[in-house]
Amino acid sequence: MKPVIVVHGGAWAIPDELSKGSVDGVKSAARAGFVLLQTGASALDAVETAVRALEDNPVFDAGHGSVQNTAGEVELDAIIMDGSTLASGAVSSVRNIANPVTLARAVMEQTDHAMLTDRGANLFAERIGLLTVPTDTLVTETERREWERQKNYDVGVKELFNKQWAHDTVGAVALDSNGNVACATSTGGIRHKMVGRVGDSPIIGSGAYADNQSGAVSCTGHGESILKVTLARLVLFHIEQGKAVSEAVEKALQYMGERVQGGGGAIALCPSGKWAAKFTTERMAWACVDAEALHYGLNPREEFKETV
């Protein structure tokens, strides 16, 4: 198989001042994952590497660019899934982990569980020696200013999501040379969410899903809406019914919009190597590297190409 990786930096109303950084970030993450795939590394390794790159980039709402909840705290969520075995690992509401996707993989590979949350997840991180950081280092000065400015507004997270105030999730899907697929999704949540709120990102079948028999998906958008329609699994359902990957993503997003009035996006690929990056929000930064080129975009119906 010819390897493929697709990444996204979140579907939301990305302001112009963040557009170049967002596009550059997803392009860099996609390249990093593809370099591994070219050496024969697994799809699982590639999606973890790509998502770690996005978590380390403060432009994105994950890891070092995370937003704050109503109490001014950071709560991080992440998931990773192996399409060859259906093994998955997830964490939610972790506070001082710069790369929660790596902790999620450790849950998958070193425990008998599929998800750890809050204090338990942090205790597990300490036990396995995963590097922790002061939580303050995960919040940018821009986020602190925005949090202070918005705390006086009486608006819910759904309204925030539809404005330029809200950031969102990052994710990756990959196909390796052995024909295996994998996915990963990571988020810092929605600004001013309730303490303890968990969205779709770490939930199997909603924020992400991977199965060698159908494909891999990573989702982004309004978490409560994605949870209601189990968006990732819905995309794969359409693929299993014979839809092309691009149509499958479009139909799933359309259903979410019509059924629960939710906006968002998704990246997906199937075992044949066909892929798609679609969204119903104003913008979504995405990039894909395959045997042909580096593909990327930001605005609706936009795709640029560069040599790898």
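For the single chain, residues carry numbers from 1 onward in sequence order.
Remark: E306 pairs with K27, R31, Y296 by the side chain to side chain donor-acceptor pair (under 3.5 Å) rule, at least two apart or across chains. Legend: residues meeting side-chain contact (heavy atoms from CB on, under 4.5 Å) with L86, ordered by chain and number and at least two apart, are M81, Y209, D211. Residues forming a side chain to side chain donor-acceptor pair (under 3.5 Å) with K251 (at least two apart in sequence, or on another chain): none.
More than 12 heavy atoms of other residues, nucleotides or ligands sit less than 6.0 Å from atom CZ of R144. In the displayed structure, K243 atom NZ is contacted under 6.0 Å by more than 12 heavy atoms of other residues, nucleotides or ligands.
Within the 4.5 Å cutoff, the side chain of L54 has heavy atoms near those of the V26 side chain. Under the 4.5 Å side-chain criterion, counting only non-hydrogen atoms from C-beta, L298 is not in contact with K20. Here the side chains of S92 and D118 are not in contact, with every heavy-atom distance at 4.5 Å or above. Residues M1 and N180 are not in side-chain contact: their nearest non-hydrogen atoms beyond the backbone lie 4.5 Å or more apart. For the pair V91 and P202, the minimum side-chain heavy-atom distance is 4.5 Å or more. Using a 4.5 Å heavy-atom cutoff, the side chains of K193 and E75 are in contact. Side-chain contact between V260 and E224 is absent, with no heavy atoms from C-beta onward closer than 4.5 Å. Looking only at side-chain heavy atoms (C-beta outward), V198 and M115 stay at 4.5 Å or farther from each other.
Criterion: ILVMFWY side-chain heavy atoms under 4.5 Å apart, direct or through other members. Under it, V229 and L253 are part of a common hydrophobic cluster. Under the 4.5 Å side-chain heavy-atom criterion for Ile, Leu, Val, Met, Phe, Trp and Tyr, V6 and F279 are members of the same hydrophobic cluster. One hydrophobic cluster, built from ILVMFWY side chains closer than 4.5 Å, holds both L175 and I267. Put simply, W12 and M284 are part of two different groups of oily side chains (I, L, V, M, F, W, Y) that touch within less than 4.5 Å, one to the next. Grouping the Ile, Leu, Val, Met, Phe, Trp and Tyr side chains by contacts below 4.5 angstrom, directly or via other members, places V181 apart from L36.
Salt bridge status for R52 with E55: absent, with no side-chain N to carboxylate O gap under 4.0 Å. Electrostatic pairing of K278 and E247 does not count as a salt bridge here, judged by no charged N lying under 4.0 Å from a carboxylate O. Taking the charged nitrogens against the carboxylate oxygens, D77 and R197 have no contact shorter than 4.0 Å, which rules out a salt bridge.
Side-chain atoms of T220 come within 3.5 Å of backbone N or O of A11 as a donor-acceptor pair. Although no hydrogens or angles enter the test, the distance criterion places a donor-acceptor pair under 3.5 Å between the side chain of D290 and the main chain of A293. Put simply, the side chain of T111 gets close to the backbone of V107: a donor and an acceptor are under 3.5 Å apart. Between the side chain of Q110 and the backbone N or O of A106, no donor-acceptor pair lies under 3.5 Å.
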Give the table of side-chain donor-acceptor pairs shorter than 3.5 Å for residues 130-139, with sequence neighbours excluded, one pair per line with atom names and distance.
unit_1 : atom_1 : unit_2 : atom_2 : d
T135   : OG1    : R95    : O      : 2.8
T137   : OG1    : P134   : O      : 2.6

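In summary, the side chains of E250 and Q254 do not present any donor paired with an acceptor at a separation below 3.5 Å, with no hydrogens or angles considered. Under the 3.5 Å distance criterion, with hydrogens and angles disregarded, no donor-acceptor pair is assigned to the side chains of S201 and T185. Looking at D56 and N99, their side chains do bring a donor and an acceptor atom within 3.5 Å of each other.
Taking CG from L231 and NE2 from H222, the interatomic distance works out to 13.0 Å, rounded to the nearest 0.5 Å.
Taking both residues in full, the closest heavy atoms of I5 and G33 are given as CD1-CA, 3.7 Å, listed atom of the first, atom of the second, then distance. Nearest heavy atoms, G189 versus V67: O-CG2, 3.4 Å. Taking both residues in full, the closest heavy atoms of R283 and N299 are given as NE-OD1, 2.8 Å, listed atom of the first, atom of the second, then distance. Contact between A276 and V249 at its shortest, heavy atoms only, is CB-CG2, 4.3 Å. Taking all atoms of both residues into account, the shortest heavy-atom contact from C183 to V217 is CB-O, 3.6 Å.
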Exercise. Any chance you could lay out the side-chain contact (heavy atoms from CB on, under 4.5 Å) test for V170 and V51, step after step, and finish with the verdict?
Key: CA-CA 7 Å; V170 303; V51 170; 4.2 Å; yes
Exercise. Please report the C-alpha distance between R233 and E240 in whole Å, then the side-chain angles of each, then the deciding distance to 0.1 Å, and finally whether the side-chain contact (heavy atoms from CB on, under 4.5 Å) criterion is met.
Key: CA-CA 10 Å; R233 196 65 191 83; E240 291 162 359; 3.0 Å; yes
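Counting only residues at least two apart or on different chains, no ring-ring contact (aromatic ring centres under 6.0 Å, His included) pair has a member in residues 231-271. Applying the side chain to side chain donor-acceptor pair (under 3.5 Å) rule to pairs touching residues 38-48 yields S42-D45, D45-R105, E48-T102, E48-R105, sequence neighbours excluded.
Ring geometry for W286 against W275 counts as tilted: the plane angle lies between 30° and 60°, on a 0 to 90° scale.
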